[in-house]
Trainee: 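Starting off with a structure, shown below.
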Protein chains: 2
Amino acid sequence: MNIGDAAARSGVSAKMIRYYEQIGLIAPAARTAAGYREYDQRDVHTLGFIARSRDLGFSVSEISGLLDLWRKKDRRSADVKALAEARISDLYRKIADLQDMADTLETLVSTCSGNDRPDCPILQELEMPDSDDSLACSQDLGRKPGGRAAHLSRGSLKQRRSIV
Amino acid sequence: MNIGDAAARSGVSAKMIRYYEQIGLIAPAARTAAGYREYDQRDVHTLGFIARSRDLGFSVSEISGLLDLWRKKDRRSADVKALAEARISDLYRKIADLQDMADTLETLVSTCSGNDRPDCPILQELEMPDSDDSLACSQDLGRKPGGRAAHLSRGSLKQRRSIV
DNA sequence: ATAGTCCTTCCCACCGTTGTAAGGTCAATG
DNA sequence: CATTGACCTTACAACGGTGGGAAGGACTAT
């Protein structure tokens with residue numbers, strides 16, 4: 001079958017199939033006399049595996065590892081499990097980072113009247129995080145229990161790159 | 001002051017300061033006779049605002065909107081609040097997506113013995129999500145209450161792009 | 001004068017995906 | 001047989017935001 005069929009059946013776009021071939025995640029497809037790539041059921045099967053792995057957030061290099069394990073009959077399930085657990089840890093770390101942001105924003109939003117007047121504690125806080133203007137150590141109004149503390153400007157989520 | 005000083009004081013790297021200037025997020029800096037960019041306290045102030053906005057996950061275009069509101073004295077705080085709330089919604093959506101992935105992986109991991117033997121339900125599920133081999137509608141072992149359902153392959157987190 | 005640190009611009013890489021453009025191929029129709 | 005439309009091919013750029021590095025000029029301190 002052509003790449004379009006393989007794409008439709010596997011859930012991986014034709015573009016991405018070519019890309020995965022290019023970076024070596026999948027083997028180069030066979031070609032017809034005219035140069036068209038040819039795929040069979042097994043290829044679609046593999047592409048489906050890749051699509052589902054991607055849906056779980058695995059990176060291409062992680063998927064490469066999963067594919068290796070998948071094909072190796074003498075694999076140890078512990079290795080697969082370790083990959084999945086590493087991914088889970090990564091997810092929880094990212095979730096925590098996003099939750100920190102959300103908590104901080106919730107705190108700020110709760111202090112903003114949100115009317116037609118210009119005064120806005122959100123902007124004030126973005127402008128000068130440690131101006132002791134009520135937000136710094138105040139009432140905890142409306143904060144859900146268990147929420148992570150939300151303090152702008154002091155540390156904790158400083159690494160801006162690759163949060164997700 | 002030079003760009004290096006402005007970077008150190010604002011928390012925005014010199015690289016990013018040049019980038020923000022290039023894309024129009026900040027106005028082009030004044031230059032010395034030799035072509036060096038010059039910054040003053042107000043510039044550092046603005047850059048700090050940008051750094052803190054970025055720490056909260058605002059995109060460059062959102063920060064552009066925040067800067068506009070910040071500078072406009074006749075702003076409505078409701079507009080600022082709306083931006084923050086949109087950001088919060090976005091964060092919660094992303095968190096939910098990541099949580100879905102984590103839940104699915106937790107389910108899979110819990111079914112894998114993780115030993116030296118090759119048989120692995122994680123790989124089986126990645127391979128054929130709807131093979132009715134125990135996972136499909138089974139025991140709910142160890143699932144935390146309130147966790148989102150975790151079914152590979154049927155919808156829900158299909159949009160692979162821009163989860164975060 | 002020289003060394004060392006800063007600045008400038010320009011290009012490249014990441015990651016995964018999409019878009020677009022210019023051209024070749026296939027299958028079905030007139 | 002010719003044309004059409006849907007498909008395929010390659011190649012390149014873009015996205016967001018950040019970092020790395022090279023080549024060359026400017027500044028500062030000894």
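Computed from a prediction, not measured in an experiment: that's the story for all the values here. FYI, side chains are in, hydrogens and waters are out, and symmetry mates aren't considered; it's all heavy atoms of this structure. Letters A, B, ... are given to chains in the order of the sequence lines, protein chains preceding strands, and every chain is numbered from 1.
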Trainee: Between atom OH in A/Y19 and atom P in C/dC15, what is the gap in whole Å?
Mentor: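 In whole Å, C/dC15 P lies 7 Å from A/Y19 OH.
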Trainee: For A/M1 and D/dC7, what is the distance between atoms CE and C1' respectively, to the nearest whole Å?
Mentor: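 In whole Å, D/dC7 C1' lies 16 Å from A/M1 CE.
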Trainee: Please tell me if A/S13 has a side-chain N or O lying less than 4.0 Å from either OP1 or OP2 of C/dT17.
Mentor: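 Answer is no, no contact under 4.0 Å.
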Trainee: What does the B/S/- profile of nucleotides 25-30 of chain D look like, 5' to 3', with a 4.0 Å heavy-atom cutoff to protein?
Mentor: BBS---
Trainee: Any Lys/Arg nitrogen of A/K94 or A/D97 sitting under 4.0 Å from an Asp/Glu carboxylate oxygen of the other?
Mentor: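 No salt bridge links A/K94 with A/D97.
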Trainee: Tell me whether the OP1 or OP2 atom of C/dC6 has a side-chain N or O from B/R37 closer than 4.0 Å.
Mentor: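 Indeed not, no polar side-chain atom of B/R37 lies that close.
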Trainee: Give a yes or no on this: more than 12 heavy atoms of other residues, nucleotides or ligands lie within 6.0 Å of atom CZ of A/R31.
Mentor: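 More than 12 heavy atoms, drawn from other residues, nucleotides or ligands, come within 6.0 Å of this atom.
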Trainee: If only side-chain N and O atoms of A/R18 are considered, is one of them under 4.0 Å from the OP1 or OP2 phosphate oxygen of C/dG19?
Mentor: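 Result: no.
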Trainee: Could you work out which one of C/dT17, D/dT18, D/dT10 sits closest to the side chain of B/R54?
Mentor: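 Out of C/dT17, D/dT18, D/dT10, the nucleotide with an atom closest to B/R54's side chain is D/dT18.
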Trainee: Let's go through A/D40 and A/D43 carefully: what are the C-alpha distance in whole Å and the side-chain angles of both, what is the deciding distance for side-chain contact (heavy atoms from CB on, under 4.5 Å) to 0.1 Å, and is it a yes or a no?
Mentor: CA-CA 5 Å; A/D40 60 19; A/D43 297 320; 3.0 Å; yes
Trainee: Looking only at the side chain of A/K15 (C-beta and beyond, no hydrogens), which of the listed nucleotides C/dC7, C/dT18, D/dG19 gets closest?
Mentor: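 Taking heavy atoms from C-beta onward, the closest nucleotide is C/dT18.
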Trainee: Where the side chain of A/I3 is defined as all heavy atoms beyond and including C-beta, which of C/dT17, D/dC8, C/dC7 is the nearest nucleotide?
Mentor: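 Nearest listed nucleotide: D/dC8.
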Trainee: Which class fits the ring pair A/W70 and A/H45: parallel under 30°, tilted 30 to 60°, perpendicular over 60°?
Mentor: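 Perpendicular: the ring planes of A/W70 and A/H45 meet at over 60°.
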Trainee: Taking the nucleotide of DNA chain C with the nearest heavy atom to each, does A/S61 or B/G35 sit closer to the 5' end?
Mentor: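 Its nearest nucleotide being more 5', the pick is B/G35.
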Trainee: Is B/K72 salt-bridged to B/D74, cutoff N-O under 4.0 Å?
Mentor: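 No.
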Trainee: Using 4.0 Å as the upper bound for N to carboxylate O, is an ion pair formed by B/R52 and B/D55?
Mentor: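 Judged by the 4.0 Å cut-off on N to carboxylate O distance, B/D55 and B/R52 do not form a salt bridge.
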Trainee: Atom CD of B/Q22 and atom C1' of C/dT9: how far apart are they, to the nearest Å?
Mentor: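 My rounded result for the distance is 11 Å.
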Trainee: Just by distance, no angles: are the side chains of B/N115 and A/S77 close enough, under 3.5 Å, to form a donor-acceptor pair?
Mentor: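 Short answer, yes.
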Trainee: Within this structure, what is the CD1-to-P distance between B/I17 and D/dG19, rounded to whole angstrom?
Mentor: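 My rounded result for the distance is 11 Å.
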